[in-house]
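In each ligand, atom 1 is the first atom listed, and ligand 1 is the first ligand listed. These numbers were taken from a predicted model, which means no experiment stands behind them.
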Amino acid sequence: MKFFIFSTLRLILSTGSAHETFGNLVVNGTVTPKWKYVRDVAGEPYWATQPNVDPEYAKRYPFFDLFSPWMTCGRDAYKSAMTTETASVIAGSELGMWVSNVWNSSNLIFHDGPGQVYMSRAPNDDLEHYDGKGDWFKIATVGVKSDTAWQLRWTLGPNFTIPATTPPGHYLLRVEHFQPSRLTNTSQWYVNCAHINVIGPGGGMPTGSAKFPGAYDLEDPGIHVEDRMDMITPVQGVKIDLSGYVAPGPPVWKG
Ligand SMILES: *[C@@H]1O[C@H](CO)[C@@H](O)[C@H](O)[C@H]1NC(C)=O
Ligand SMILES: *[C@@H]1O[C@H](CO)[C@@H](O)[C@H](O)[C@H]1NC(C)=O
Ligand SMILES: *[C@@H]1O[C@H](CO)[C@@H](O)[C@H](O)[C@H]1NC(C)=O
Ligand SMILES: *[C@@H]1O[C@H](CO)[C@@H](O)[C@H](O)[C@H]1NC(C)=O
Ligand SMILES: [Cu+2]
């Protein structure tokens, strides 16, 4: 049984589906270099140990366990805290977290699912020693485009605004992308975190808080979805209908 589960997982990991990492922060209209402002991550444990496999290839594999510590900022991302640079960003400006590495050489996302963006201020504004275990507030959900399509499909990644009244300080900026499914505990998860220094007048009080891991549940209706919303393993004869989809987590704080 154990072997069966293992080989099924390997099959899922090695066929068809698209994978990605969000290694590029977009700031001031510029796509910054991969892993400069985003915490670098470890490769998927199996692929990372295969000979002659590009490390970037192994990094873009998803993880499946939403209770994993990888849910905070990606696989072993805290190990890169000291070497990740911090980007100064103006509150109220638009940023992006874009894919640096996808399965399909089109280099565009071809996963179906929402993207969400969260922020968490580092204690003492010390990002180099922040493991991301504090409170997070949500600043964006990039969800459905129509009843049959997701906004992120065939794009480089989410664009979003840092709320204009965000208290100035040093934050982890966390992007997540996943595939809602009608099958429990089968979503591919992609998570990465950037280091940002928010410059601005402040004055806002972020509301709605979440912990990662911990904020989401396997039975969250935005993760374990109705049959009509499953575009990964669709039920034959059931028409795709994403209407009414609500992504997991607290509401978006707009500042
Ligand atoms: C969910 O899947 C992950 C990995 O695929 C596994 O480690 C975990 O035990 C599963 N959780 C449950 C509740 O089945
Ligand atoms: C973005 O522009 C602001 C204002 O000019 C500047 O302070 C900041 O350093 C820039 N950020 C990056 C990462 O270039
Ligand atoms: C990427 O995937 C799409 C959808 O499967 C396919 O149509 C396209 O040809 C692929 N592009 C490349 C360059 O492999
Ligand atoms: C993000 O912005 C770029 C232009 O800067 C655009 O090409 C892209 O489609 C946008 N992404 C989404 C998901 O809207
Ligand atoms: Cu994938």
Worksheet item: Knowing that exactly one of L127, D126, N124 qualifies, which makes a side-chain contact (heavy atoms from CB on, under 4.5 Å) with H170?
Response: L127

Worksheet item: Can R75 be said to sit on top of F63's aromatic six-ring, NZ or CZ under 6.0 Å from centre and within 45° of the ring axis?
Response: no

Fill in: F64 neighbourhood, listing ligand 1 atoms whose heavy-atom distance to it stays under 4.0 Å
5 (O)

Practice prompt. Below 4.0 angstrom from a heavy atom of N185, which ligand 1 atoms are there? Numbered from 1 as shown, please.
Written response: 1 (C), 2 (O), 3 (C), 8 (C), 10 (C), 11 (N), 12 (C), 14 (O)

Worksheet item: For ligand 1, is any non-hydrogen atom under 4.0 Å from L218's backbone (N, CA, C, O), its side chain (CB onward), both, or neither?
Response: side chain

Worksheet item: Does one side chain, of H195 or R39, offer a donor that lies under 3.5 Å from an acceptor on the other?
Response: yes

Fill in: Proximal atoms of ligand 4 relative to T155 (non-hydrogen, under 4.0 Å)
13 (C)

Item to complete: For atom 14 (O) of ligand 4, grab the closest protein heavy atom and report residue, atom and distance to one decimal in Å.
Response: N159 ND2, 3.7 Å

Fill in: Within the 6.0 Å centroid threshold, strictly below: W150 and Y245
yes

Worksheet item: Which part of W98 is near ligand 4, with near meaning a heavy atom under 4.0 Å away: side chain, backbone, both or neither?
Response: side chain

Fill in: Straight-line distance of I223 CD1 to Y216 OH, nearest 0.5 Å
6.5 Å

Worksheet item: Is it true that K59 and D40 make a salt bridge, defined as a side-chain N closer than 4.0 Å to a carboxylate O?
Response: yes

Practice prompt. State if G157 counts as touching ligand 4 under the rule of any non-hydrogen atom under 4.0 Å.
Written response: yes

Fill in: atom 11 (N) of ligand 4 touched by protein heavy atom at under 4.0 Å
yes

